[in-house]
Protein chains: 2
Amino acid sequence: MTTVQGARARARIEITAAIKDEARRQLAAEGAAKLSLRAVARELGMVSSALYRYFPSRDDLLTALIIDAYDTVGAAAERAHAAAVRADPRDHLAHWVAVCRAVRAWAIAHPHEYALIYGSPVPGYTAPQDTVVPAARVALLLVATAREAYRDEGVALPPLPDDLAPEAERLAADLAPDLPPALAVALVFAWAQLFGLVSFEVFGQFNRVVEDRDAFFATAAERLGREAGITPRPRA
Amino acid sequence: MTTVQGARARARIEITAAIKDEARRQLAAEGAAKLSLRAVARELGMVSSALYRYFPSRDDLLTALIIDAYDTVGAAAERAHAAAVRADPRDHLAHWVAVCRAVRAWAIAHPHEYALIYGSPVPGYTAPQDTVVPAARVALLLVATAREAYRDEGVALPPLPDDLAPEAERLAADLAPDLPPALAVALVFAWAQLFGLVSFEVFGQFNRVVEDRDAFFATAAERLGREAGITPRPRA
DNA sequence: GGTTTGCGTGAGCACTGCTCTCGCTTGAGA
DNA sequence: TCTCAAGCGAGAGCAGTGCTCACGCAAACC
């Protein structure tokens, strides 16, 4: 599908990628606050103003990094999910936990990129439309996992209070019309809570509180799965 | 207790407070990234270098704001808790929910201050020791609420997996020696998950997803309370 | 082959955090 | 009461930032 392009078009793609790579390096090293266009340009051997041919502003560079970050964490989660399905196609709780662990592992390995997407929004900055699809990737994977469990095993969930019923219908209609509203609500809860756990760990809130964070997270992820209606696989 | 102080000492206190106030104003208006010492000084009619007599660096100013933010959200939560106890001393789930709502309300009212304390750590920045006591204030309140419920009504919690048992003992010993380890773990879960929910709302992750956020959060807070072992009050 | 378009250059503007020296003022000790 | 160190504000200055703009060169299109 990629037609043979002129040298110029190809150079543009390569330079754009190089800028993002170098920016990612600085991001990983120093954090978003100290990411500087001039330093990126310097490191790439170009003059700072040249960089504006590729990204009209610092915020646009950050937005590109944000989209990439959403995509890589989404891809990592999807890989982990696929591997878990391969290992045991029927153990849906294991699939769920695998997704959670993948998100956590990626976050710990790339804390500054994680902060970029799940921390405080950086500048003035309202998330552009381009970010919403990649941002939904992990969420949709959680929904898909819960859906498979629901199809295979059904679900028993606590009833919803009346005043949440309209919201629950709306949520279900938006993100999973084939699932019961109570499950849609439980999934959104679990989704937010998963990132609450990961954020607390990555952002240091667990310092001097939780020591054995692997075991802690494993249990938490499993409980989240159960709250999302996924029953553990009965022992064979 | 406050001895009569010289005019100089008093001026120092007042100016320090004025700097923090103005900084908070700019923080609320533009966010931490755009908080500038020079702008604060300008607004206060002093020269920027004078400000360094009061805060040795921008990070120190931010740290002061962080401590204040932890304290105000903690105070708000404590007020809400006290009011709920006054309204019905036996309804522990209502006390819990009141604390959660107070945290959320404060976060929504002061999103940038919330981001400062529960978002991504801002600069290079490792949290100084001074912040850990105020930071624990909300957490300790949650523990206290759960403790009262536990004393009055006991608790039934899911069993912990074996590999989490040592961590659970440690947690219980550190933050509530009088509570069962499984409850200590459940409390840390609930604590992280509470701020996961609030962060997702404040940081815009719920945009285009959750509409009726009041009802959504109310249900979530109640479920968190139940997971933390607080049973609803039986109807009188 | 001529022209439009894309792109790197370098100067420059307004801003930032932070440092340093210079004086004035305050307040505690002799 | 006088003295002198300490506290404090002023101003200049350094190094760095995001971003803009006119300028030329080179590639791509007609």
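The chains referred to below are lettered A, B, ... by the order of the sequence lines, with proteins before strands, and numbering in each begins at 1.
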*Using the C1' atoms of five pairs at each end, what's the angle between the two axes of the helix from C:dG1-D:dC30 to C:dA30-D:dT1, to 10 degrees?*
10°

*asked:* At 4.0 Å (heavy atoms only), tell me whether A:L61 reaches a base, stays on the sugar-phosphate, or touches nothing.
replied: nothing

*Does any residue of residues 44-54 of chain A have a heavy atom under 4.0 Å from DNA chain C, and if so, which ones, in number order?*
A:M46, A:V47, A:S49, A:A50, A:R53, A:Y54

*Under the salt bridge (charged side-chain N to carboxylate O under 4.0 Å, His left out) test, which residues partner B:R24, sequence neighbours left out?*
B:D21, B:D68

*Measure from CZ on B:R10 to C1' on C:dT26 and round the result to the nearest Å.*
15 Å

*State whether B:R12 places a side-chain N or O below 4.0 Å from either non-bridging phosphate oxygen (OP1 or OP2) of D:dC8.*
yes

*Contact list for residues 95-114 of chain A, test salt bridge (Lys or Arg N to Asp or Glu O under 4.0 Å), sequence neighbours left out*: A:R104-A:E201, A:R104-A:D214

_Please compare A:L37 and B:R38 by the position of their nearest nucleotide in DNA chain D and report the one closer to 5'._
B:R38

*asked:* Between A:T63 and A:D60, do the side chains contain a donor N or O and an acceptor N or O under 3.5 Å apart?
replied: no

*OP1, OP2 of D:dG16 versus side-chain N and O of A:S36: anything below 4.0 Å?*
no

_Near-ring test A:Y118/B:F203, centroid separation under 6.0 angstrom_ = no

*Pick base, sugar-phosphate or nothing for B:L35, based on heavy-atom distances below 4.0 Å to the nucleic acid.*
sugar-phosphate

*Those residues that, when tested against A:E78, pass salt bridge (charged side-chain N to carboxylate O under 4.0 Å, His left out) (two or more places apart)*: A:R137

Nucleotides 25-30 of chain D: which of its N/O atoms have a protein N/O under 3.5 Å away?
| residue | atom | partner | partner atom | Å |
| --- | --- | --- | --- | --- |
| D:dA28 | OP1 | A:A7 | N | 3.2 |
| D:dA28 | OP1 | A:R8 | N | 3.0 |

